[in-house]
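Note: hydrogens, waters and symmetry copies are ignored here, and every other heavy atom, side chains too, is used.
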Amino acid sequence: MARPGPDAELTSAQLHSSLSDPLLDVMNFLNEVTSRHPEAISFGPGRPYDGFFEVDRIGDYLTAYTRYLETDLGRTPEEVRTALFQYGRTNGQINDLVARTLANDEDIHVDPAHVVVTVGCQEAMLLVLRALVTGPDDVVLVTDPGYVGITGAARLLDAETVPVPEDEAGLDPDALLAAVREVRARGKRPRAVYVIPDFANPSGTSMPVDRRRRLLELAAEEDLLLLEDNPYGFFSRTGEHRPTLKSLDTRHRVVHFGSFAKTCFPGARVGYVIADQPVVTASGARTVLADELSKIKSMVTVNTPALAQAVIGGMLVSYDCRLREADKDLVDFYRDNMEALLAALDRHLPQDRWPVRWNVPDGGFFLSLTVPFDADDAFLRESAGDHGVIWTPMRYFHLGSGGERQIRLSASYLTPHEIDEGVRRLAGHVIERLTQGDR
């Protein structure tokens with residue numbers, strides 16, 4: 001009888017190198033801090049506010065969608081059953097509703113066939129990067145600081161990312177051009193540029209319209225694709241709504257990511273990507289990038305869950321594919337929350353008294369607070385444990401150095417009262433650190 005071998009044991013060297021990247025530990029660390037201090041007020045998550053979610057409405061949305069299938073599309077009961085219970089098209093089932101909503105809300109006019117409905121926006125990013133990055137010479141440029149979802153996805157795919165600094169008006173086109181030239185000087189190819197033009201995560205910055213137009217011109221001149229992410233575009237604090245890059249795009253230079261996480265609810269995990277770029281295949285046939293993304297998706301998630309699409313589709317139908325109008329209460333809430341955050345900072349941490357500063361975003365969920373000392377993990381643990389407040393270190397969002405003395409604050413998940421109390425606690429900790437030398 002053969003002797004049993006040892007139990008399987010893996011070393012980190014036998015796993016993909018990305019699993020040793022500190023970037024992938026960020027969420028685990030924040031979750032660990034939060035779980036240890038559940039009573040703390042948290043400015044960490046960029047989550048929608050729970051108070052707008054109504055469990056009973058889910059059934060209403062499903063009913064609205066099935067009625068749409070039967071009445072508007074003429075589907076039989078058997079076809080409706082299949083649409084809800086079976087796998088469905090890889091590209092998605094609610095593409096037409098998504099396209100109509102984009103036309104109404106964003107002035108983006110796109111063929112529904114050029115929309116791929118995805119499992120959240122994160123899958124959309126992964127699909128696009130997998131399609132565009134063909135080897136080690138292809139480089140993705142990202143705003144710095146930038147969203148960890150895109151840099152994390154690139155890391156999983158062994159795609160090189162190069163930071164492009166942003167200023168108070170978002171991505172700097174001159175800095176982008178310099179980065180493109182540096183990448184080419186190394187013998188590599190700058191493939192695409194990831195950007196959040198409206199109320200960016202993590203900084204809260206927004207790009208003026210003239211800068212958006214310059215970015216589109218630069219993309220054409222330098223043969224770049226722009227990967228536009230638009231999760232926060234509805235949530236203007238000032239009432240101004242700037243055109244998306246995609247609505248200004250006349251040369252198929254923009255791949256547009258979208259999600260219903262913030263405008264509907266995140267639990268559905270329904271996102272989408274507009275990929276209308278023409279593609280010429282090896283045989284000479286012509287198709288579009290969306291069809292190529294569908295091939296990848298078929299081997300990743302097969303399709304986006306039919307029930308999740310049905311609920312979101314029902315919401316779109318219920319609101320006549322006009323979410324901007326339907327979300328007015330949401331817009332007002334997040335505007336008031338950002339105003340409450342700015343007012344609380346002025347009240348509890350006045351800049352004429354303390355050496356701190358913060359930006360004043362035009363909308364969205366986030367702002368960045370700068371302090372004259374390292375806002376590191378140790379300071380965060382002290383904030384949570386001794387002062388009952390949680391936030392996110394901005395250094396997490398930089399590809400290299402940077403953000404060591406900055407804090408990201410999210411205004412989305414709290415009430416105005418909680419925001420004021422949380423800032424009061426944070427201000428107490430900051431002032432304690434600032435005055436330690438005077439004791």
Side-chain angles (χ1 to χ4, degrees), residues 34 38 41-73 80-81 83-85 88 92-98 100-102 104-106 117-123 199 201 230-237 258-272 304-341 363-366 410-419 421-422:
T34 302
I41 294 175
S42 180
F43 291 101
R47 302 171 65 180
Y49 180 61
D50 281 344
F52 287 99
F53 302 147
E54 300 178 44
V55 174
D56 293 345
R57 296 302 305 275
I58 293 177
D60 296 337
Y61 297 137
L62 282 172
T63 299
Y65 184 68
T66 56
R67 187 182 302 118
Y68 162 77
L69 292 178
E70 294 169 346
T71 304
D72 292 48
L73 301 187
V80 170
R81 181 179 62 198
L84 295 178
F85 285 91
Q93 298 190 50
I94 60 172
N95 306 55
D96 183 65
L97 296 175
V98 173
R100 284 164 53 187
T101 303
L102 286 167
N104 291 332
D105 288 340
E106 303 289 1
V117 182
T118 56
V119 181
C121 193
Q122 193 64 32
E123 186 194 22
F199 324 130
N201 181 7
N230 187 38
Y232 312 106
F234 279 19
F235 306 117
S236 171
R237 183 178 64 86
S259 169
F260 296 106
K262 309 299 190 295
T263 56
C264 292
F265 65 98
R269 302 303 302 130
V270 175
Y272 57 88
T304 301
L307 279 177
Q309 291 188 72
V311 174
I312 295 300
M315 294 185 76
L316 300 183
V317 168
S318 298
Y319 302 129
D320 193 29
C321 294
R322 297 177 186 276
L323 284 180
R324 192 180 289 276
E325 295 176 15
D327 283 348
K328 184 180 183 306
D329 288 346
L330 277 177
V331 173
D332 291 346
F333 177 82
Y334 294 129
R335 179 200 63 218
D336 292 347
N337 269 21
M338 182 59 72
E339 294 285 4
L341 177 57
F365 289 6
F366 311 105
S410 171
S412 65
Y413 193 58
L414 303 170
T415 65
H417 172 74
E418 290 170 328
I419 288 171
E421 174 60 19

Considering all heavy atoms, the nearest Leu307-Leu84 contact: CG-O, 3.9 Å

Verdict with supporting geometry, Asn337 and Phe333, side chain to side chain contact (heavy atoms under 4.5 Å, CB included): CA-CA 6 Å; Asn337 269 21; Phe333 177 82; 3.4 Å; yes

Phe52 and Tyr334 aromatic ring geometry - parallel, tilted or perpendicular at 30°/60° bounds: tilted

4.5 Å side-chain heavy-atom contact, Thr101 and Arg322: no

Asp336 vs Pro416 side-chain heavy atoms within contact, under 4.5 Å: no

Donor-acceptor pair, side chain of Ser410 and main chain of Pro45, under 3.5 angstrom: yes

Spatial distance of atom SG (Cys321) from atom CG (Leu97) [nearest 0.5 Å]: 5.0 Å

Donor-acceptor contact below 3.5 Å, side chain Gln93 vs main chain Ala83: yes

Student check: side-chain heavy atoms of Glu106 and Asn230 closer than 4.5 Å: yes

Nearest non-hydrogen partners of Leu62 and Ala310, listed with the distance: CD2-CB, 3.7 Å

Note, Tyr61 side chain near Ile312 side chain (heavy atom, < 4.5 Å): no

Side chain proximity check, Ile94 to Tyr272, heavy atoms < 4.5 angstrom: no

ring-ring contact (aromatic ring centres under 6.0 Å, His included) partner of Phe366, chosen from Tyr413, Phe199, Tyr232: Tyr232

Any side-chain heavy-atom pair of Tyr65 and Val311 under 4.5 Å: no

Contact summary for Pro305 and Val119, nearest pair of heavy atoms: CD-CG2, 4.1 Å

For the student: nearest non-hydrogen atoms of Arg47 and Ser412, plus distance: O-OG, 2.6 Å

Minimal non-hydrogen separation, Lys262 against Leu330, with atom names: O-CD1, 3.9 Å

Donor-acceptor under 3.5 Å (Gln309 side chain, Thr304 main chain): yes

Any Val98 side-chain heavy atom under 4.5 Å of Phe260 side chain: yes

Closest non-hydrogen atom pair between Ala64 and Gly314, with its separation: CB-O, 3.9 Å

pair Phe53-Pro48: side-chain heavy atoms closer than 4.5 Å: yes

Value rounded to 0.5 Å, distance of CD in Glu418 from CZ in Phe43: 9.0 Å

